[in-house]
Amino acid sequence: MPQIARSVESVPHSRNRELAEIAMSMDGVLRLYFGESNLPTPEFIKQAAQRAMADGYTFYTENAGLPSLRRGIAEAYARLQNVELDPAREIVITASGVQALNVGIRCVLDPGDEALVLTPAWPNGSSIVNMANAVVKQVPHLLAGDRYTVDFDALEAAVTPRTRLLLYTSPSNPLGWVATENDQDRLLGFARRYGLWLIADEVYDRLYYAGARLGEPVPSILRKVRRDDAVIVVHSFSKSYCMTGWRVGYLVAREDLAAKATQLNEFIISHAPSFAQKAAEAALADGEEELSAMLERLMVNRDLCLNALRKMPGITIPEPDGAFYLFPRIEGLTDSFAFCRQLLTETRVGLAPGVAFGKGGEGSVRICYAAERSILEPAMERLGRFVQSGVSAAAR
Ligand SMILES: Cc1ncc(COP(=O)(O)O)c(C=O)c1O
């Protein structure tokens, strides 16, 4: 009987999805396992999509996306990051951040190549490397005091003549870690020295709490990049504008990579939905007010959860500077999946198991705090009681 290709059979299942599926079969769960806000898409963005449909944006667009949206992205980079981009040659619209990651990775890896991935990380990057028949080497962040750092010694030890790519995420899902300027310089220097592509997943760059003012983005790696650098920035409208279901993202890259990604888009998805691209344009042009309100709410949520976690015994929790996740480490925990399953069945609190995020993730759980206070407060209270009661024997 014909079999499914070995290369795809070996792509691992998502441990978070496995847990979410149990949770979805239950009633009354306080759901903090997925990476999305439960705020609806702002009204003006929905209206822009309706207008776009009425105006005839229901046909195919360019494979690189609508020129007007690419111009809007270039304008936003100039305004927010002081980075000049050529919208016709250096920006490709994709049908989501994950598709940007997918096409970016496909453009740089041959079968058998190796990719270094900083973890704990959203697992999709590593799985996409697997799907490209390439080999993932995960390099965990180190926890030094109350800050995560990049383990440059481990990166040096992991690089081989087959290494082609280094992938990192800042702000990080699940850590909330944000690369410092020094980290960016060293990551870029490392990639240049070994002739690697550097992919920076910056989809959470607007969810930043340590800037001079709330609403200021995390400084992009693009501020440091020369036009001929082998750097790809992956981005998305999902997180900043509550548009997870719309599937619009983009990548910024060197001209030749952007041209190849544009061509491959034709065979993968053709392009992002036309009216969703127009809605994304509206989000960029008029989204600052809603974004600020969301950031205020996220900061309050973050602090509420941090304060609750810091009172729980045996929990280490570095203060995250970005994204909307907390990743507490629980003393003695060796099976985060069993922990999360028991927490779910006994208390109806749904968290993501740290093991789902690759090397360095076991022993922790991920909490997405982009939910309402009315969900977060009881969830923290129940988690606290669960941890206090000695946790599950199975999970230790
Ligand atoms: C680190 C990271 N990158 C990319 C994405 C992709 O987002 P989307 O495909 O919704 O644009 C996500 C979503 O959770 C993410 O956490």
Side-chain angles (χ1 to χ4, degrees), residues 14-17 19-20 31-39 41 45 65 69 73 91-105 115 117-129 131 136 138 141 148 166-179 198-208 217-218 220-221 232-252 261 265 268-269 271-273 276-277 279-280 283-284 287 298 320-327 352 354 356-358 360-361 366-371:
S14 158
R15 297 304 312 275
N16 191 26
R17 178 56 68 170
L19 195 105
R31 300 174 201 279
L32 306 178
Y33 43 75
F34 280 149
E36 65 184 346
S37 162
N38 49 6
L39 288 177
T41 306
I45 299 177
L69 176 56
I73 291 168
I91 299 172
V92 182
I93 311 301
T94 55
S96 75
V98 67
Q99 199 241 311
L101 203 55
N102 198 316
V103 74
I105 289 173
V117 180
L118 297 193
T119 56
W122 188 56
N124 296 35
S126 292
S127 296
I128 293 167
V129 170
M131 282 169 66
V136 181
Q138 298 188 337
H141 286 278
Y148 283 99
L166 169 57
L167 166 64
Y168 78 98
T169 309
S170 166
S172 152
N173 169 9
L175 301 178
W177 165 82
V178 174
L198 182 65
I199 299 188
D201 181 333
E202 297 188 347
V203 308
Y204 294 98
D205 73 342
R206 300 302 310 271
L207 309 186
Y208 184 40
V218 172
S220 171
I221 187 88
I232 304 171
V233 166
V234 165
H235 221 300
S236 169
F237 287 84
S238 288
K239 312 292 174 173
S240 316
Y241 304 107
C242 305
M243 290 177 70
T244 46
W246 295 71
R247 315 314 293 141
V248 193
Y250 57 92
L251 59 81
V252 178
N265 252 1
I268 300 171
I269 185 83
H271 58 77
Q277 292 188 56
L284 276 183
L298 287 175
D321 287 336
F324 45 41
Y325 305 106
L326 294 168
F327 201 61
F357 302 94
R366 189 191 71 177
I367 298 166
C368 175
Y369 57 80

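All ligand and atom numbering here is 1-based and tracks the order in the structure. Each residue takes its place number in the sequence, starting with 1.
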Is there a polar contact, in the sense of an N or O pair closer than 3.5 Å, between Asn173 and ligand 1? yes
Any atom of ligand 1 sitting under 4.0 Å from a heavy atom of Lys239? yes
Which ligand 1 atoms are under 4.0 Å away from a heavy-atom of Arg247? 8 (P), 9 (O), 10 (O)
Please examine the side chains of Ile269 and Thr94, heavy atoms only from C-beta on, and report whether any two atoms are closer than 4.5 Å. no
Note: Met243 and Thr41 closest approach over all heavy atoms is CG-CG2, 3.9 Å
Does Tyr204 have a non-hydrogen atom less than 4.0 Å from ligand 1? yes
As an exercise, identify every atom of ligand 1 less than 4.0 angstrom from a heavy atom of Ser238. 8 (P), 10 (O), 11 (O)
Element-labelled atoms of ligand 1 that are located less than 4.0 Å from some non-hydrogen atom of Ser96: 9 (O), 11 (O)
Where Ser96 and Arg247 come nearest, the two heavy atoms and their spacing: CB-NH2, 3.1 Å
Glu36 near ligand 1 by a heavy-atom separation under 4.0 Å: no
Nearest heavy-atom neighbours spanning Pro120 and Ser172: O-OG, 4.1 Å
May I ask you to test the Ile221-Glu202 pair for a side-chain heavy-atom distance under 4.5 Å? yes
Phe357 and Tyr325, any side-chain heavy atoms less than 4.5 Å apart: no
Please determine if Val248 has a nitrogen or oxygen closer than 3.5 Å to a nitrogen or oxygen of ligand 1. no
Number the atoms of ligand 1 from 1 as they appear, then name those within less than 4.0 Å of a heavy atom of Thr169, with their elements. 1 (C)
Within 4.0 Å of some non-hydrogen atom of Ser236, the atoms of ligand 1 are 8 (P), 11 (O)
For Gly97, is at least one N or O under 3.5 Å away from an N or O on ligand 1? yes
Which heavy atom of the protein is the closest neighbour of atom 6 (C) of ligand 1, given with residue, atom name and distance? Trp122 CH2, 3.5 Å
Give the ring-plane orientation class for His141 versus Trp177, where under 30° counts as parallel, over 60° as perpendicular and anything between as tilted. tilted
Which protein non-hydrogen atom lies closest to atom 1 (C) of ligand 1, naming both residue and atom, and how far is it? Asp201 OD2, 3.3 Å
Is a side-chain donor-acceptor pair under 3.5 Å present for Thr169 with Trp122? no
